There are 4 protein chains.
Amino acid sequence: MAWANQYRRNEDSRQAILTAALDLCREVGYDALRIEAIARRAGAGKQTIYRWWPSKGVLLLDALTTGSSDSAAFPDTGDLEADLVTQMGSAARNMSTLAPILIGLIEGAHHDPDLAERLSAELITPRREACRTRLQAAVDRGELDPGTDVELLIDQLYGPLYYRLLAARDTLDEAYVRRHLAALLPAGGRATPAVSTSP
Amino acid sequence: MAWANQYRRNEDSRQAILTAALDLCREVGYDALRIEAIARRAGAGKQTIYRWWPSKGVLLLDALTTGSSDSAAFPDTGDLEADLVTQMGSAARNMSTLAPILIGLIEGAHHDPDLAERLSAELITPRREACRTRLQAAVDRGELDPGTDVELLIDQLYGPLYYRLLAARDTLDEAYVRRHLAALLPAGGRATPAVSTSP
Amino acid sequence: MAWANQYRRNEDSRQAILTAALDLCREVGYDALRIEAIARRAGAGKQTIYRWWPSKGVLLLDALTTGSSDSAAFPDTGDLEADLVTQMGSAARNMSTLAPILIGLIEGAHHDPDLAERLSAELITPRREACRTRLQAAVDRGELDPGTDVELLIDQLYGPLYYRLLAARDTLDEAYVRRHLAALLPAGGRATPAVSTSP
Amino acid sequence: MAWANQYRRNEDSRQAILTAALDLCREVGYDALRIEAIARRAGAGKQTIYRWWPSKGVLLLDALTTGSSDSAAFPDTGDLEADLVTQMGSAARNMSTLAPILIGLIEGAHHDPDLAERLSAELITPRREACRTRLQAAVDRGELDPGTDVELLIDQLYGPLYYRLLAARDTLDEAYVRRHLAALLPAGGRATPAVSTSP
DNA sequence: CATTAAACGAGACGGTACGTCTCGTCTTTGC
DNA sequence: GCAAAGACGAGACGTACCGTCTCGTTTAATG
């Protein structure tokens, strides 16, 4: 890796630290996660961590984005609900695994502007952006009502997932995502409301 | 207070500690919140804190529920959307003020079963319960479709609020709540879907 | 001990720290002596050391003066040489045991004004003072020549002991002290010079 | 320098390191002297120091013997006291300048056998040897009493200088050396004892 | 009332971890 | 192939808090 050589950085060490950080955060939680413990488990010196990462939050975020296989990319098959099921189902799976890290980062961001910035730039914003693009396409081609408040809709799509996983500490699976989308969006193409008053 | 006297407990001290905990958590965040700092600011001995609260999470939760003026109580005027605006608007206001504490408690609960239990019992569950009751009443009297998945609807109602406030770190006001509800529920009584396909 | 109670200080802990400091300094030397190692061996927290002693030098000096059985007190039997043999023999014995600590303190004092001050006040000066008093008495009552430079004589009495023990790293016993005094002072009472030219 | 080339060694770097070591030791003391600081000031890599010197003590000793203009050589004009004044006055001047380094080396030698060996071989022993030779010559030609214990006399000559400079941290000048010698040796050639009893 | 038992502010204690500095080794790059 | 530069694992620095444990003092309740 040219980048590693540029900075004379040991890639093995970097990987070991990122892995140790993720594992430990899952085991003990963000609040109890200790830099010393990460160094210990990674077989690294503390200085090596402090040299390359400014805080445990940023280290964790790096670990998350480096190691994560999930992507912000949104499919566009022309079928909005199917595309949303695909993307949000995948997101739900990833989030379930990473819940302890994710909630830690969110908490950390509330009093660390640097972490807040990076969390937004590297995790939140790209996903919103991809979703916004797909939803706007749906609006443009008439899949969604022209008056749709896209930003609000994004909140309504993802909010329940975050809420259920992080606050209610409940499970998140694809079936839930399907039910959620079915209730929120018109199924099939019919103009069925998410919630309808009885006739 | 009979309860206080029973345990020979100093009420002034208790109040000072709860206040200091809330203030400090807002200032430095949950992760950096220190028992010693709380004791210092409250002019209390550390032992007094350790005597009455098992962890900083439980202390904060106590501070939150003791000091909070908001209530889980749901009005039932017969107009579901109006009632939801009333209750969720109030909730949104409270949550905005308490976001740094709330996110800390949620994070803490992810690795502290005791805190998880209490957070659920004292904060989350009562509010869900009250909401569930109101929604079920709406279903029963035909305000909502009989097939409504009430639990899912609760997630869809509150999820975006949590998501926006805690994860996206955005503002939360009554206007947002109104727009959210208008999109999610049929406005006015008409069977307008939350999201409609164009004709 | 009233003093200990006054400051709520744990006397056991204090003793364990002083002992550990002396032992470790003897084992590894002043330069390699670590506060952490002292705490470890004494079964004490580091803060307990930092709370009560400002530096490892002062800690060692405290250990030396607390634990040392030797005294600056000079006997005065009327026989100067005999009194010097008594006192300096005792001093030589003590110094032999404490050489590694003593040289460390002397080295430390060269760049730590606080330690220099205390080392002088608690170790060097009292001994010089006691010796000066005894020598002045000898001058006053005619045991020594009235023109004797007492300060210089003190240097000449103790200098070789320090030199031999610390710089030349040689042994120091009472026989050496006797030969030293015999050569420096007139033996028996005759006016034999310390070093005489041949006739 | 042939020697330098032999080992492909950079003489500039060597000089810069020795100079930096001496200066820094004078500034912060032996205990606080850091290899890293020497490298930094000398503009050298740390490895260059570790490659050529086994310890900071040996490096300092090298610096001392390389840079020092003083010599162990003893003059022999036939006048013992004059020769001693010459040599010891010079020694006193040098020692005054180098006291912080000297005391550091002596301290270091107490727990570093390698340094002890070298310090003796390169600094202490040559000077004692030269002094011994001169004193023995004085004994042989009747300048000193045949029964003189030469080794003891060396201790008595140099001991007070070390004691005064290092332990008592007092000044050392030629006047002191003269007084010291005058009291220890018979002045002029007269058999005046160093210390005499009154008649 | 005086006694007494618990809670209180204070803070020392043995510890763990902080973020920084230095150790001595190792690797990379330039001369 | 040495030298400068500097990353690395290791671990000590001096400080901040952890949660526990006395200290005396204050405060209620009981006898």
Side-chain angles (χ1 to χ4, degrees), chain A residues 4-14 16-17 32-40 42-52 54-56, chain B residues 4-14 16-17 32-40 42-52 54-56, chain C residues 4-10 12-14 16 32-40 42-52 54-56, chain D residues 4-5 7-10 12-14 16-17 32-40 42-52 54-56:
Chain A
N5 287 343
Q6 259 182 332
Y7 294 95
R8 298 161 168 240
R9 185 166 178 181
N10 185 327
E11 181 61 19
D12 290 352
S13 186
R14 181 172 162 273
I17 289 166
L33 180 61
R34 303 289 172 225
I35 300 283
E36 294 224 6
I38 298 172
R40 212 146 42 215
K46 286 199 294 175
Q47 192 64 58
T48 303
I49 296 179
Y50 286 110
R51 187 159 22 233
W52 300 110
S55 66
K56 75 174 176 185
Chain B
N5 288 344
Q6 258 182 334
Y7 294 94
R8 296 159 166 248
R9 187 167 178 179
N10 184 328
E11 181 61 18
D12 290 352
S13 185
R14 179 171 163 275
I17 290 166
L33 181 62
R34 304 292 172 220
I35 299 284
E36 293 225 7
I38 298 171
R40 211 146 40 213
K46 286 199 295 176
Q47 191 68 270
T48 303
I49 296 179
Y50 286 110
R51 191 165 13 239
W52 300 108
S55 66
K56 76 175 176 184
Chain C
N5 287 344
Q6 257 182 333
Y7 295 94
R8 294 158 166 265
R9 185 167 178 178
N10 185 326
D12 290 352
S13 187
R14 181 173 162 272
L33 181 62
R34 304 288 171 226
I35 300 282
E36 295 225 5
I38 297 171
R40 210 144 43 213
K46 286 199 295 177
Q47 194 62 56
T48 303
I49 297 180
Y50 288 109
R51 185 153 32 227
W52 300 109
S55 66
K56 77 174 176 185
Chain D
N5 287 342
Y7 294 94
R8 299 164 144 272
R9 185 167 178 181
N10 184 324
D12 290 352
S13 184
R14 181 172 162 274
I17 289 166
L33 180 63
R34 303 291 174 222
I35 300 282
E36 296 226 4
I38 298 172
R40 214 173 300 137
K46 286 198 299 175
Q47 194 59 51
T48 305
I49 296 178
Y50 286 111
R51 195 170 4 243
W52 300 107
S55 66
K56 77 174 175 184

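Reminder, nothing fancy here: chain letters follow the sequence lines and each chain counts from 1. Side-chain atoms are counted along with the backbone in the values below, which use heavy atoms only and exclude waters and symmetry mates. This one's a predicted model, so the numbers in the text were calculated from it and none came from an experiment.
Taking atom CD of residue B:E11 and atom C1' of nucleotide F:dT27, one finds them 15 Å apart after rounding to whole Å. For C:I49 and F:dT15, the CD1 to P distance is 13 Å, given to the nearest whole Å. Taking atom CZ on B:R9 and atom C1' on E:dA5, their separation rounds to 18 Å, with Å as the unit. Per the geometry, CD1 belonging to C:I35 stands 15 Å off P belonging to E:dG14, to the nearest Å. At whole-Å resolution of the value, OH in B:Y50 and P in F:dT20 are 7 Å apart. Whole-Å rounding puts the A:R14 CZ to F:dG9 P distance at 14 Å. Atom CZ of B:R34 and atom P of E:dA17 are 12 Å apart (whole Å). As a whole-Å value, the separation of D:I38 CD1 from F:dA5 P is 16 Å.
Under a cutoff of 6.0 Å and an axis angle of 45°, B:R14 and B:W52 do not form a cation-pi pair.
Here the CG atom belonging to C:L33 is positioned 4.0 Å from the CD1 atom belonging to C:I38, to the nearest 0.5 angstrom. Between D:S13 atom OG and D:I49 atom CD1 the span is 8.0 Å, to the nearest 0.5 Å.
Each of E:dA17, E:dA7, F:dC8 was ranked by its minimum atom distance to the side chain of B:R51; first place goes to E:dA7. Checking E:dA10, F:dG14, F:dG6 against every side-chain atom of C:R8, the shortest atom distance belongs to E:dA10. Comparing F:dA16, F:dC8, F:dC13 by their nearest atom to the side chain of C:Q47 picks out F:dA16. Checking F:dA4, E:dC23, E:dA12 against every side-chain atom of D:A44, the shortest atom distance belongs to F:dA4. For A:E36, taking side-chain heavy atoms from C-beta onward, the closest of the listed nucleotides E:dC18, F:dC8, E:dG14 is E:dC18.
Between F:dA7 and A:S13, no contact under 4.0 Å exists linking OP1 or OP2 to a side-chain N or O. Here C:W52 reaches the OP1 or OP2 of E:dC13: one of its side-chain N or O atoms lies under 4.0 Å away. For C:T48, a side-chain nitrogen or oxygen approaches OP1 or OP2 of E:dG14 to under 4.0 Å. Taking 4.0 angstrom as the limit, A:R40 places a side-chain polar atom (N or O) nearer than this to OP1 or OP2 of E:dA17.
The base of F:dG14 is paired with the side chain of C:K46 by a donor and an acceptor separated by under 3.5 Å.
Taking 4.5 Å as the limit, some side-chain heavy atom of C:R51 sits within range of a side-chain heavy atom of C:T48.
Each of A:A42 and B:A37 has a nearest nucleotide on DNA chain F; the 5'-most of these lies closest to A:A42.
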